[in-house]
Q: 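Questions regarding the structure given below will be posed in turn.
Computed from a prediction, not measured in an experiment: that's the story for all the values here.
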Amino acid sequence: MIVVRRLLVLFPLVFFGCRGTGQVRIARPEQRLEVIDSLRLAVSAVDICGEGDRLVVLESSGIRLLRFDIGMARCETIPLTRRLAAPHGLASDRFYFYVYDDHVLYRMLKDELELKSWLVNVRVAGLVNYSPGEMLVSDGERGVVWYKTIFGESRKFLDISSVSGPGPLVALPAGMFCVLTSSGRLVYFNRAGIVVRTVQLKEKYDLIATDGSGGLYLAKRGQTRLLIMKQEQLIEASFGQDVSLMALAVLRGRIAILNKGNRIIIYRLP
């Protein structure tokens, strides 16, 4: 396995590692994101994810999902057939919902809505769709990334020799993926599990999302700032005051955040 790690310095935000000699532009001055919608939840939530133009919310009760349309005007309730005692997060692809607690990853076919155990004895630190019904799973307990097939088989996709402390995952164009590590490193890899690029961030982040063009959106839980890495440009943005970020999801032209567990705020992307 060949790992390319050519490091350049970009002051003061990041140390940037890349293949080749691409030009990196300095970040714009920090800008305030524009709020375009807001909704207070009737009950608290622990995570959100995008589903096309819709937004899916996992309630902290562990008994149901909520699905909102593009205007946040219509809500659909999706009951879970078993209660999660300590729900941690969720994901969605074309055919399935995925939810997890502190040691089990569950999967639920959207046509049947029966929640089934899919991967046990795992502390999920990140999830990303590999193919419909197949996922890459960051295991915070073992420090590896698993490849989980549609039929339930599991195999190690990235181990500690490729990535240390894997966390949140995102899918990028052209069959690429990116994992955010606990040390503040972005590790880019392909569908064969070969690392092709790394970026060492100046700060540590624990939330990451992406748009359809490969732009990355990084934030810290409990904070108000957003770092956008897009087309070799760095942009710092702010969600504004009275925000304590818990989760985020990028929709078409918008970014949604879960604020303090009881409010969804939608912002226009710069």
Side-chain angles (χ1 to χ4, degrees), residues 37 39 41 43-72 74-80 84 86-102 104-110 113 115 118-119 122-138 140 148 167-172 177-180 205-212 214-221 226 239 245-267 269:
D37 208 346
L39 175 70
L41 300 172
V43 296
S44 64
V46 295
D47 201 11
I48 60 176
C49 77
E51 187 191 25
D53 283 335
R54 297 180 293 189
L55 188 72
V56 185
V57 178
L58 173 60
E59 290 188 349
S60 57
S61 63
I63 62 174
R64 64 179 184 172
L65 305 176
L66 303 176
R67 180 196 270 156
F68 294 93
D69 65 11
I70 189 170
M72 302 295 290
R74 192 179 119 197
C75 175
E76 178 186 355
T77 299
I78 303 170
L80 301 178
L84 279 65
H88 281 195
L90 84 157
S92 173
D93 66 16
R94 181 179 175 184
F95 300 111
Y96 293 91
F97 290 115
Y98 304 84
V99 296
Y100 55 92
D101 56 22
D102 55 356
V104 179
L105 172 62
Y106 300 90
R107 187 174 70 169
M108 184 167 67
L109 192 62
K110 292 180 179 180
L113 298 181
L115 195 64
W118 200 44
L119 185 61
V122 60
R123 181 164 61 86
V124 177
L127 278 176
V128 70
N129 181 234
Y130 183 83
S131 296
E134 300 183 328
M135 300 293 282
L136 298 179
V137 185
S138 291
K148 190 74 173 170
L169 293 147
V170 292
L172 301 172
F177 300 90
C178 181
V179 58
L180 176 63
Y205 297 88
D206 53 16
L207 295 172
I208 186 171
T210 187
D211 55 31
L216 295 180
Y217 303 81
L218 298 116
K220 299 179 186 179
R221 287 183 175 87
L226 180 72
F239 293 113
L245 186 65
M246 287 184 60
L248 77 164
V250 174
L251 309 173
R252 186 173 58 185
R254 302 164 296 148
I255 186 167
I257 71 165
L258 176 60
N259 181 33
K260 300 179 181 178
N262 60 10
R263 182 178 289 275
I264 304 294
I265 307 176
I266 310 293
Y267 298 85
L269 287 177

Q: Answer yes or no: is there a side-chain heavy-atom contact under 4.5 Å between Leu258 and Ile264?
A: yes
Q: Tell me, please, which residues at least two apart from Arg64 pass side-chain contact (heavy atoms from CB on, under 4.5 Å).
A: Val43, Glu59, Leu66, Thr77
Q: At their closest point, which heavy atom of Glu51 faces which heavy atom of Ser92, and how far apart are they?
A: CG-OG, 3.6 Å
Q: What distance do Phe95 atom CZ and Lys110 atom NZ have between them, rounded to the nearest 0.5 Å?
A: 9.5 Å
Q: Just to verify, which of Leu207, Asp211, Val170 counts as forming a side-chain contact (heavy atoms from CB on, under 4.5 Å) with Tyr217?
A: Asp211
Q: Would you confirm whether Thr210, through its side chain, and Gly215, through its main-chain N or O, come within 3.5 Å as a donor-acceptor pair?
A: yes
Q: Atom CG of Leu180 and atom CG of Leu218: how far apart are they, to the nearest 0.5 Å?
A: 6.0 Å
Q: Looking at every non-hydrogen atom in both residues, tell me the closest pair between Ser138 and Gly167 and how far apart they are.
A: OG-O, 2.7 Å
Q: Would you say that Phe239 contacts Leu245 through its side chain, given a criterion of any heavy-atom pair below 4.5 Å between the two side chains?
A: yes
Q: Just jot down the ring-ring contact (aromatic ring centres under 6.0 Å, His included) partners of Phe68, sequence neighbours excluded, or say none.
A: none
Q: If I take atom CE from residue Met72 and atom CD1 from residue Ile266, how far apart are they, to the nearest 0.5 angstrom?
A: 5.0 Å
Q: Looking only at heavy atoms, which two atoms of Ala219 and Leu226 are closest? And how far apart?
A: CB-CD1, 4.3 Å
Q: Is the side chain of Arg123 donor-acceptor paired with the backbone N or O of Gly140 at a distance under 3.5 Å, no angle test?
A: yes
Q: Can you give me the closest heavy-atom contact between Leu251 and Gly50, atom names plus distance?
A: CD2-CA, 3.7 Å
Q: For Asp93 and Pro132, indicate whether the former's side chain and the latter's backbone hold a donor-acceptor pair under 3.5 Å.
A: no
Q: Is the shortest side-chain heavy-atom distance between Asp47 and Val99 below 4.5 Å?
A: no
Q: Please check: side-chain N/O of Asp37 versus main-chain N/O of Tyr267, any donor-acceptor pairing under 3.5 Å?
A: no
Q: Any donor-acceptor pair under 3.5 Å linking the side chain of Asp101 with the backbone of Leu84?
A: no
Q: Decide, yes or no, whether a salt bridge links Arg221 with Asp206 under the criterion of side-chain N to carboxylate O below 4.0 Å.
A: yes
Q: Starting at CG of Leu127, measure out to CE of Met135 and round the result to the nearest 0.5 Å.
A: 4.5 Å
Q: For Ile48 and Ala256, which heavy atoms make the closest approach, and how far apart are they?
A: CD1-O, 3.6 Å
Q: Please report the closest heavy-atom contact between Ala209 and Val250, naming both atoms and the distance.
A: CB-CG2, 3.7 Å
Q: Enter the distance from Leu65:CG to Leu80:CG here, rounded to the nearest 0.5 Å.
A: 4.5 Å
Q: Do any N or O atoms from the side chain of Ser60 and from the backbone of Ser44 form a donor-acceptor pair under 3.5 angstrom?
A: yes
Q: Between Arg254 and Ile70 (side chain of the first, backbone of the second, donor and acceptor by atom type, cut-off under 3.5 Å), is there such a pair?
A: yes
Q: Is the His88 ring parallel, tilted or perpendicular to the Tyr100 ring (thresholds 30°, 60°)?
A: perpendicular
Q: Passes side-chain contact (heavy atoms from CB on, under 4.5 Å), Phe97 versus Ile78? Steps please.
A: CA-CA 10 Å; Phe97 290 115; Ile78 303 170; 3.7 Å; yes
Q: Please round to the nearest 0.5 Å and tell me the distance separating atom CG of Leu105 and atom CG of Leu90.
A: 11.0 Å
